[in-house]
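Counting starts at 1 for both ligands and their atoms, in listed order.
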Amino acid sequence: MRLKDKVALVTGASSGIGKAIATRFAAEGAHVVVNYRPGGKIDTDAAQAEVAAFGPRALAVAADVSKRDDVQRMMDQVISEFGRIDIAINNAGIEIKKPFLEVGDDEWNRVIGVNLFGSYVVSQICARQMVKQGDGGKLIFISSVHEDIPFPDYTAYCASKGGVRMMMRNLSIELAPYRINVNNIAPGAIATPINQAVLDDPTASKNAIGEIPWGRFGRPEEVAAVAAFLASEDADYVTGSTYYVDGGLTQQVTLY
Ligand code: NAP
């Protein structure tokens, strides 16, 4: 058990990669805080059922990560329940496909609001608490291969993930004196609901797989395995890095 009795917050843990990380962390002995979006894919009953499967010391908290008041309320609940926070996984994310010339301000702000502002506000509130505790911590961002690789029609998404990459690099320096490790995981094409349209379209799926040297989509559990390493003491000297979990996609794309 790599994370025994650690308190870990996973944002957007109702689905896909976040759910796989929450499940893996619970199996590694962590007390997991499952964050889900109010009015989102799952309701409170479903969130409670998810954490019930993790054992008695897990908590489900509804909060929209793009709203500071929601995030502060969530953290107050975490502290009142567990008294501390050790690990924060900034996973909640959305994308909107739209040619740049047609993107509206509301769409731009929604993507940046969840992916970049949300990651900023969750990590700031968690890092302040970790500094107060005085014994370090782990901040992990689920960015994307598109923190670096262009993706036409997804400019807000790429801008948000590129921003997360630079935020992570800065924080790895600023928070080093407090022994807070800060790293990114950059998934490639993982089979989750965010990719449902591609997964449901045999031609699009075949094209996507054709770009991946490993020859298949990744599984959420494969991202969770890297998160478990980065959240553990095994990664105490790892900070400021991006870990690609992409079956070689980045190398293939940058070959040309
Ligand atoms: P997903 O299944 O759609 O999961 C996204 C999660 O974020 C959902 O649980 C969603 O809840 C939650 N969420 C959205 N807005 C939120 C908000 N304002 N506050 C709190 N939670 C919110 O997709 P996924 O693939 O697991 O994505 C997880 C992360 O991985 C994202 O940051 C994504 O950019 C990144 N990523 C994924 C891939 C991939 O191929 N799958 C590749 C690169 C990066 P609701 O569904 O209820 O809205």
Salt bridge or not between [X] and [Y]? Use side-chain N to carboxylate O under 4.0 Å.
X	Y	result
Glu233	Arg179	no
Glu147	Lys161	no
Arg2	Asp234	yes
Glu107	Lys98	yes
Arg84	Asp135	yes
Asp106	Arg110	yes
Arg73	Asp70	yes

**Report entry** Val226, Ile89, Thr242 screened by side chain to side chain contact (heavy atoms under 4.5 Å, CB included) with Ile185, the one that passes
**Finding:**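 Looking at Val226, Ile89, Thr242, the match for Ile185 under the side chain to side chain contact (heavy atoms under 4.5 Å, CB included) is Val226.
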Query raised in the report: Are Arg68 and Gln124 close enough that a side-chain donor and a side-chain acceptor fall under 3.5 Å?
Result: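 Yes, Gln124 and Arg68 have a side-chain donor paired with an acceptor closer than 3.5 Å.
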For ligand 1, which is the ligand I care about here, please tell me if [X] has any N or O atom under 3.5 Å from one of the ligand's N or O atoms.
X	answer
Ile94	no
Pro187	no
Ile190	yes
Ala13	no
Arg37	yes
Asn195	yes
Gly188	yes

Identity and separation of the nearest protein heavy atom to [atom]:
atom	result
atom 33 (C) of ligand 1	Tyr157 OH, 3.6 Å
atom 21 (N) of ligand 1	Ala92 CB, 3.5 Å
atom 30 (O) of ligand 1	Ile142 CG2, 3.4 Å
atom 9 (O) of ligand 1	Ser14 OG, 2.7 Å
atom 5 (C) of ligand 1	Gly93 O, 3.7 Å
atom 29 (C) of ligand 1	Asn91 O, 3.1 Å
atom 24 (P) of ligand 1	Thr192 OG1, 3.5 Å
atom 6 (C) of ligand 1	Gly12 O, 3.6 Å

Of the backbone atoms (N, CA, C, O) and the side-chain heavy atoms from C-beta on, which set of [X] has a member under 4.0 Å from an atom of ligand 1: side chain, backbone, both, or neither?
X	value
Lys161	side chain
Val114	side chain
Thr11	neither

**Report entry** Glu81/Gln77 under side-chain hydrogen bond (donor to acceptor under 3.5 Å, both in side chains): CA gap, chis, key distance, verdict
**Finding:** CA-CA 6 Å; Glu81 181 76 15; Gln77 228 177 308; over 6 Å; no
Report task. Count the heavy atoms of every other residue, nucleotide or ligand shown that sit under 6.0 Å from CZ of Arg165, and state whether that count exceeds 12. Result ->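 Buried by this count: over 12 neighbours within 6.0 Å.
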Query - Other residues, nucleotides, ligands: >12 heavy atoms within 6.0 Å of Phe100 CZ - result: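 Count not over threshold, so no.
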Among [options], which residue places a heavy atom closest to [atom]?
atom	options	result
atom 23 (O) of ligand 1	Val34, Ile194, Asp70	Ile194
atom 2 (O) of ligand 1	Gly16, Gly113, Ser15, Ala189	Ser15
atom 37 (C) of ligand 1	Ile17, Val71, Ile185	Ile17
atom 35 (C) of ligand 1	Ser143, Ala20, Gly40, Ala63	Ser143

Query - Heavy-atom check, side chain of Val78 versus side chain of Met75, under 4.5 Å - result: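 Val78 reaches Met75 side chain to side chain.
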**Report entry** Numbering as shown, the atoms of ligand 1 that approach Asn35 to under 4.0 Å (heavy-atom distance)
**Finding:**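 By the 4.0 Å cutoff, the relevant atoms are 20 (C), 21 (N).
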Query raised in the report: Against heavy atoms of Asp64, which atoms of ligand 1 measure under 4.0 Å?
Result: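 Atoms satisfying the 4.0 Å criterion: 17 (C), 18 (N), 19 (N).
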Query raised in the report: Which class fits the ring pair Tyr157 and Tyr154: parallel under 30°, tilted 30 to 60°, perpendicular over 60°?
Result: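 The arrangement is perpendicular - the two ring planes meet at more than 60°.
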